[in-house]
Amino acid sequence: MRLSRLFLPTEREAPADAEALSHKLMVRAGLVRQVGAGLWSWLPAGWRVHEKVVQIIREEIDAIGGQEMLMPVMQPAELWKKSGRYGFPEQFRLNDRKGAEHVLAMTHEEVVTLHVSGAIRSYRDLPKILYHFQVKERDEPRPRAGVLRTREFIMKDSYTFDRDAEGLQAGYDLHAEAYARILERCGLEWYSVEADVGMMGGSMAHEFMAPCAAGENDVALAPGYAANVEIASADAQDPGPLDLDGEHHTPGLTTIDAVAGALGVPQGRLLKAFPVVLEGGERVDVFVRGDHRVNEFKLRNALKTGYRPAREDEIGRPAGFLGPSDDVRTVYDAAVGEGPWLVGANRADWHEVRSVQGETLDVRTVVAGDTVNGAAITVEPAIEVGNIFKLNTRYSEPLGATFLDENGKEQPVWMGSYGIGPARIAAAAVEQFHDEQGIAWPKAIAPYDVEVVALGKPNSDEARAAESLYGELQAVGLDVLLDDRAAGAGEKFADAELLGCPLRLTVGKRSLESGAAEAVARRGRADLDPVPLDGPVEAVRERWRGLP
RNA sequence: CGGGGUGUAGCUCAGCCUGGUUAGAGCGCCGCCUUUGGGAGGCGGAGGUUCGUCGGUUCGAAUCCGACCACCCCGACCA
């Protein structure tokens, strides 16, 4: 492609409202443009990146036996009512001209299960892996960070259909391995973590995370351990000594900070109350250490039910001075030992030191420095680029996807669901690989493999030499971008570094004199051995092999 | 949904507080010339349905008031 003809609107300055690096750089480099909140167009160069990621995903899912298909975005509401997923706040709903209700799909479990339920009859028809690349529509409460969190995006989602839990495990493992290969090939730094199953239902989930500053998830890491902090579990640090006894007058001191400060006690020696009401109506007081925080995901999972914070009139004791009480079910976080602890005395303006005993559940959010198998964890932000879920029979049962086993007995199909987002992979790559000058793409997903910068005027000897280099490289199947614009050298170099193609070849007067084009690796802006203008292909291939 | 902020040229912004000829700058864009190894220079020029929308105040509104809309950031939320 000739840059003089490419629709590549680069900008010197980042959009004023952009925060995330990938947002700024992808807009500046002319890869994407915003249409509305969480709605983005991919311009030609950006789309090339997206589609390179798509192709890698396709090859790896095909390799584990996936069969590509396509299902519609707009779907009858009926189907979603059956699965019990109609009416989510982030679901776009609309009526057709006859008034019939439809939804715009946020994912495709319902439809794919519908097809399977209609076509799969026998255990002989299983297993199956079906997948497609399709637009997902989600009315996100808060789209953000450019292309990282949008209301409309393309996802590869695949679904496995098996006869039992073992089969599902096999499909799950195949996807975990395929995702590992995809992210490796895309050149990302990544890891997989245990994850909350969330509203998808099912029994097991892993997320594939790309660590970067703009990440929306926090991940707890230790040697041999990686988990989303939503579910991470670790041993707590020593809270420090408690040299105190008896009751203490603490007038107006309702916060951990205030009480710990006034009595000279480490915050970790206090207990903090979190009064809740379960979905069934039961009142529960949850206690965690003063230096810890209740983790809402872990608490919901540990209680095995939803809950809401209790209102003041439901607590029945003075808020701010809550301690364990015999009158209400009490749950202690696993990091809360017998004590003694400094706790609220259940009457205003008093705290007391006492030991505690009772039901124990792991419900706190881990913090950096906690330990797993003796090793301290770190917590870092990451982008979720893919996830895999065991759905079990969450969808097959309501949607009637069953098969007959060898004994002629009807059984529900066991399902798994596996998503991965090309746009997030592209944005994560930008987050991870950039510098002051711009993007430094991994070579597998760069918009072009090589950018040839032609210096000198159009039709000069340099320009003609660049043209011929361009032609020779193209002829052997490389994706080559030729900067043939009538622009100054500085502008061409600046744009090339912004766009971030892995290999840049410069043809100017110097190269005519030496008979070789200068070669620069975008990553690290490292000078490579020059490429001879006479027979450049082998040299370019050799330089290319060495690039990340 | 709560809090904060922003809407003026393709982009980044000034002007608004303290209302008053024809609404400005830089970059970008067009023409000509010069230049051609790091966003170079000169001359000339175009570009705003008149300042997000609607309404109000006023002799007069980009500027003051109100409502609404859009977008961004923080939080809530996030299959």
Side-chain angles (χ1 to χ4, degrees), chain A residues 9-20 23-24 27-28 30 33-40 80 83-85 88-91 103-110 136-146 148-151 153 155 157 159 195-202 205 207 214-217 228 230 296-297 308-309 383-384 386-389 391 394-395 417-421 424 436-438 453-463 466 483 485-498 504-514 517-518 520 525:
Chain A
T10 58
E11 296 288 346
R12 283 192 184 207
E13 294 175 83
D17 51 23
E19 289 290 315
H23 182 184
K24 292 180 182 172
V27 171
R28 282 192 56 209
R33 282 292 185 271
Q34 183 167 20
V35 176
L39 301 171
W40 289 81
W80 292 73
S83 72
R85 291 209 299 174
F88 283 9
E90 57 269 32
Q91 186 169 58
V103 308
L104 300 181
M106 35 205 293
T107 176
H108 283 75
E109 278 81 6
E110 278 78 2
K136 310 295 166 193
E137 302 282 351
R138 299 178 187 180
D139 196 358
E140 291 283 351
R142 185 148 100 82
R144 79 181 108 188
L148 274 180
R149 182 164 212 88
T150 56
R151 295 195 293 173
F153 62 97
M155 179 167 90
D157 41 328
Y159 304 93
D196 188 68
V197 294
M199 71 191 294
M200 287 293 290
E207 291 166 340
E216 296 186 277
N217 296 88
N228 195 316
E230 289 173 0
E296 297 177 21
F297 294 90
R308 60 172 173 81
I383 298 177
E384 179 188 351
N387 52 39
I388 58 179
F389 287 96
L391 298 172
R394 161 69 180 84
Y395 293 91
S417 155
Y418 316 88
I420 194 165
R424 281 196 173 174
E436 283 297 301
Q437 282 67 230
V453 175
L455 300 178
K457 293 179 189 174
N459 291 319
S460 62
D461 290 343
E462 305 90 289
D483 192 345
R485 297 174 301 175
E491 190 176 347
K492 292 184 177 185
F493 290 139
D495 272 349
E497 279 158 2
L498 184 56
R504 189 179 89 209
L505 300 175
T506 306
V507 182
K509 276 207 183 91
R510 283 184 210 158
S511 25
L512 291 184
E513 284 158 16
S514 68
E518 282 139 72
V520 178
R525 297 208 292 168

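To find a chain, count down the sequence lines: A is the first, B the second, and so on, and within it residues start at 1.
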- When rounded to the nearest 0.5 angstrom, what distance separates CG in Asp483(A) from NZ in Lys492(A)? 4.5 Å
- Task: In whole angstrom, give me the gap between the P atoms of C30(B) and A46(B).
- Result: 15 Å
- Message: For a quick check, with a 4.0 angstrom heavy-atom cut-off, what is the B/S/- contact string for nucleotides 5-11 of chain B, read 5' to 3'?
- Response: ------S
- Task: Identify whether any heavy atom of Arg33(A) sits under 4.0 Å from a base atom; if not, whether one sits that close to sugar-phosphate; answer base, sugar-phosphate or nothing.
- Result: nothing
Filtered N/O pairs between nucleotides 29-35 of chain B and protein, under 3.5 Å:
none

- Task: Identify, with sequence neighbours excluded, every residue that meets side-chain contact (heavy atoms from CB on, under 4.5 Å) alongside Ala214(A).
- Result: Ala20(A), Leu148(A), Glu431(A)
- Classify the nucleic acid contact of Ala494(A) as base, sugar-phosphate or nothing, counting any heavy atom under 4.0 Å across all strands shown. base
- Looking just at side-chain N and O atoms, do Asn217(A) and Glu207(A) make a donor-acceptor pair shorter than 3.5 Å? no
- Item | Among G37(B), C72(B), C73(B), the one nearest Arg142(A) by side-chain distance | C73(B)
- Select base, sugar-phosphate, or nothing to describe what Gly508(A) touches, counting heavy atoms under 4.0 Å on all strands. base
- How do Phe297(A) and Lys492(A) order along RNA chain B: which one's closest nucleotide is nearer the 5' end? Lys492(A)
- Message: Are Leu512(A) and Glu462(A) packed together at the side-chain level, in the sense that at least one heavy-atom pair is separated by less than 4.5 angstrom?
- Response: yes
- Contact class for Glu497(A) (heavy atom, under 4.0 Å): base, sugar-phosphate, or nothing? base
- Take atom CZ of Arg28(A) and atom P of G28(B), then tell me their distance rounded to the nearest Å. 14 Å
- In whole angstrom, give me the gap between the P atoms of C54(B) and U18(B). 26 Å
- Item | Distance, rounded to the nearest Å, where Glu296(A) contributes CD and G75(B) contributes P | 14 Å
- Note on the structure: Glu137(A) meets the salt bridge (charged side-chain N to carboxylate O under 4.0 Å, His left out) criterion, sequence neighbours left out, with none
- Among the nucleotides G39(B), G37(B), C73(B), whichever has the atom closest to the side chain of Glu19(A) is C73(B)
- Item | Glu140(A) CD - C73(B) C1' separation (whole Å) | 17 Å
- Message: I'd like the P distance from U53(B) over to A70(B), given in whole Å.
- Response: 15 Å
- Note on the structure: Interatomic distance, CZ@Arg525(A) vs CD@Glu497(A), rounded to 0.5 Å, equals 4.5 Å
- Does OP1 or OP2 of G38(B) have a side-chain N or O of Gln437(A) closer than 4.0 Å? no
- Message: Counting Watson-Crick and G-U wobble pairs with both distances under 3.5 Å, what is the dot-bracket string for RNA chain B, 5' to 3', using [ ] for crossing pairs and | for pairs to another strand?
- Response: (((((((..((((......[...)))).(((((.......)))))......(((((..]....))))))))))))....
- Message: Taking only the P atom of each, what is the distance from C64(B) to G20(B) in whole angstrom?
- Response: 11 Å
- Message: Classify Arg424(A) by what it touches in the nucleic acid, base, sugar-phosphate, or nothing, heavy-atom distance under 4.0 Å.
- Response: nothing
- Message: Just N and O in the side chain of Arg149(A): are any of them under 4.0 Å from OP1 or OP2 of C78(B)?
- Response: no
- Could you list the residues that satisfy ring-ring contact (aromatic ring centres under 6.0 Å, His included) with Tyr418(A), not counting sequence neighbours? His175(A)
- Which part of the nucleic acid does Glu462(A) contact within heavy-atom distance under 4.0 Å: base, sugar-phosphate only, or nothing? nothing
- Message: Suppose you measure atom P in G52(B) against the same atom in G15(B); what distance do you get, rounded to whole Å?
- Response: 15 Å
- What interatomic distance, in whole Å, is found between P of C11(B) and the corresponding atom of U49(B)? 12 Å
- Query: Rounding to the closest angstrom, what is the interatomic distance between C51(B) and G56(B) at atom P?
  - Reply: 16 Å
- Message: With a 4.0 Å cutoff (strictly under), does any side-chain N or O of Arg144(A) reach OP1 or OP2 of C73(B)?
- Response: no
- Rounding to 0.5 Å, atoms CZ (Arg144(A)) and NE2 (His23(A)) come to a distance of 13.0 Å
- Hey, what do you get for CD (Glu109(A)) to CG (Asp157(A)), rounding to the nearest 0.5 Å? 7.0 Å
- Message: Working to the nearest 0.5 angstrom, can you tell me the gap between Asp495(A) CG and Arg12(A) CZ?
- Response: 9.0 Å
- Message: Please classify the nucleic acid contact of Ala205(A) as base, sugar-phosphate, or nothing, using heavy-atom distances under 4.0 Å.
- Response: nothing
- Could you measure between the two C1' atoms, the one in G55(B) and the one in C69(B), and give it in whole Å? 14 Å
- Query: Looking across every strand, which nucleic acid part, if any, lies under 4.0 Å from Ser511(A) by heavy atom: base, sugar-phosphate, or nothing?
  - Reply: base
